[in-house]
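In what follows, a structure is listed as structure tokens, so that the remarks can point back to it.
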Amino acid sequence: TPKPSSAASDVYKRQVKSAASVNAGQRVRYLGNVAGGPELGTLGVVQKIFARKAVVDMGKVGTWNVPYYFLAHVRVAA
């Protein structure tokens, strides 16, 4: 049986679980699909950490309060 190797499952593995797994200044990807919000896949930099959300600067899109379950870690190229 083939292992699922889809991009979606890969992103889920990198999903931010809580404030303990992300730091200010870290790059993240937005996974949400909320009307009026940032576009799916938008990259940003964490500005502040709170108990249930992070403030993320997404450049031209603006700065957003984003719950951790809508964020994923960005892989760093070696």
Determine all donor-acceptor pairs shorter than 3.5 Å in which one atom belongs to a side chain in residues 33-58; sequence neighbours excluded.
| residue | atom | partner | partner atom | Å |
| --- | --- | --- | --- | --- |
| T42 | OG1 | E39 | N | 3.4 |
| T42 | OG1 | E39 | O | 2.5 |
| Q47 | NE2 | V45 | O | 3.4 |
| D57 | OD1 | G59 | N | 3.0 |

Honestly curious: do F70 and V28 fall in one hydrophobic cluster under the side-chain, below-4.5 Å linking rule? yes

When hydrophobic residues are tied together by side-chain contacts of less than 4.5 Å, even through go-betweens, does W64 share a cluster with L31? no

Heavy-atom check, side chain of L71 versus side chain of V22, under 4.5 Å: no

With a 4.5 Å limit on heavy-atom distance, are the side chains of Y69 and Q15 in contact? yes

Check: H73 main-chain N/O paired with R14 side-chain donor or acceptor under 3.5 Å: yes

